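What you see below is based on every heavy atom in this structure, not just the backbone, and it leaves out hydrogens, waters and symmetry mates. Per chain, numbering begins at 1; letters A, B, ... match sequence-line order. Quantities reported herein were computed from a predicted structural model and do not represent experimental measurements.
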There are 2 protein chains.
Amino acid sequence: MPEMTRIQRRNRDVILGAGLKVFSQYGFRGATLDQIATEAGLSKPNMLYYFKSKEAIHNALLEGLLDTWLNPLRALDPAGDPLEEILSYVHRKIEMSRDFPEESRLFANEIVHGAPRIHDALSGELKTLVDEKAKVISGWAEQGLIQPVDAHHLIFSIWALTQHYADFDVQVRAVLDGKDPYEDASAWVDTVFRRVLTKD
Amino acid sequence: MPEMTRIQRRNRDVILGAGLKVFSQYGFRGATLDQIATEAGLSKPNMLYYFKSKEAIHNALLEGLLDTWLNPLRALDPAGDPLEEILSYVHRKIEMSRDFPEESRLFANEIVHGAPRIHDALSGELKTLVDEKAKVISGWAEQGLIQPVDAHHLIFSIWALTQHYADFDVQVRAVLDGKDPYEDASAWVDTVFRRVLTKD
DNA sequence: TCCGTATTTGACCAATCGGTCAAAGACACG
DNA sequence: CGTGTCTTTGACCGATTGGTCAAATACGGA
């Protein structure tokens, strides 16, 4: 659908924004079309004129999401400095948690519920990319450029640590008494992976 | 309610087990009473004879959960060996992820959705315990018994890393081609926190 | 055995859900 | 201005949901 009027493009964007907000907060089944329509400032039938079902909205969101989510990992450069490359990845990921927490929670929701709609992408696209980058990291370790690591689990750790701040935001803020966590979090994850990867 | 017949205790247990399974997989709104009743092998009205609403089942589950979940942290002994105490905590947590993944996902679901039902417990009971234990860990660091750390974020990291294997199970297994992750995960998190906490 | 209580169930209900449809209104273009 | 298309909406529908209720059944103690 390359042909779209201004109205179509604007309303699709508005709907996807509303869908992101509502789906990320209530989950797929917990979200209602009326909620999304209200959030988007449209009537329900009007919204369904642009996306023919609730699933269509959700799918459109997930479609773009996995790609965006994996971009920082794609950018990990085999020719770069190992420590610097990995730490850059960590920082890009934590910035995404800070700047796009709803996207993170939408993704988390899908995975926690068993990834019924993106399971193929996980064992396809995602696995392929992770395997490729894990090989790069393992190579670095074998050359002694970083400490020995289980590259797959290192990547899991980066995901877990960085996304935790978006997915478990309320818990983190409850413990920190509402204080913004991201400044300290950024410094902390830097320290963690620096210690894990270097000997000094 | 200290007075309970065998039937009552058995059926309450059966219902809670079914509720855990269904709620952890589909979320609160995604789960239906019919689903839970079928899973429990009871008729819906019969189930509602033991718990008067869907929320009552969910609340009963969450009530016991937070306590169980925090027990390993409570066990962290200020008088013990710092490295050993923290690593024990890490291992207990990863064992809980392996042995009780549904509990972990039920909890994750609640937090991701903004913790509408346990927010008070987070900023009360949870925060109090975390602050207390963070103080212990900070003390250890100041005495030079472990490397300098941000104790609160260290605890977040332990939660994030260990619970990731339960909450994001499908993703982990998709990447690892279905292979059981826990043996390597256990060794990996041990390595991670050993490197973070010690200098050598 | 009998009886009061605990347990179980089929039938039902009001509310909410995702989605449809026909018709009305806005817009672009000759 | 007219006309064909794009956009918007109120009214509505069948299905599902959480929950109720009266009646039937099982159980335990005297």
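- Using a cut-off of 4.0 Å between Lys/Arg side-chain N and Asp/Glu carboxylate O, B/K133 and B/D77 are scored as not salt-bridged.
- In this structure, CD1 of A/I36 is placed 18 Å from P of C/dT16, rounded to the nearest angstrom.
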Enumerate all atom pairs, one protein N or O and one N or O from nucleotides 7-9 of chain C, separated by less than 3.5 Å.
unit_1, atom_1, unit_2, atom_2, d
C/dT7, OP1, B/T5, OG1, 2.8
C/dT7, OP2, B/Q8, NE2, 3.0
C/dT7, OP2, B/Y49, OH, 2.9
C/dT8, OP2, B/N11, ND2, 3.0
C/dT8, OP2, B/N46, OD1, 3.1
C/dT8, OP2, B/N46, ND2, 3.3
C/dT8, OP2, B/Y50, OH, 2.6
C/dT8, O5', B/N46, ND2, 3.1
C/dT9, OP2, B/S43, OG, 3.1

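- For the pair A/F51 CZ and C/dG19 C1', the interatomic distance rounds to 16 Å; values are reported in whole Å.
- Under the rule for a ring-ring contact (aromatic ring centres under 6.0 Å, His included), the partners of A/F23 that lie at least two apart in sequence or sit in another chain are A/F28, A/H58.
- A/A31 comes within 4.0 angstrom of sugar-phosphate atoms only, judged by non-hydrogen atoms across all strands, and of no base.
- When the P atom of C/dA15 is taken as reference, atom NZ of B/K54 falls 18 Å away, rounded to whole Å.
- Salt bridge absent: B/R9 and B/D13 never bring a charged side-chain N and a carboxylate O closer than 4.0 Å.
- Between A/D99 and A/R92 there is no salt bridge, since none of the side-chain N atoms of the basic residue sits less than 4.0 Å from a carboxylate O of the acidic one.
- With rounding to whole Å, A/H58 atom NE2 is found 13 Å from C/dG19 atom P.
- One atom, CD of B/E55, and another, P of D/dT17, lie 18 Å apart when rounded to the nearest Å.
- Looking only at side-chain heavy atoms (C-beta outward), A/Q171 and B/F107 come within less than 4.5 Å of each other.
- For the pair B/Y26 OH and D/dG18 P, the computed distance is 14 Å after rounding to whole Å.
- Within the structure, a side-chain polar atom (N or O) of B/R29 is placed less than 4.0 Å from OP1 or OP2 of C/dC17.
- Remark: B/R105 does not engage B/D167 in a salt bridge, criterion side-chain N to carboxylate O under 4.0 Å.
- Rounded to whole Å, the distance from CG on A/L48 to C1' on D/dA11 is 15 Å.
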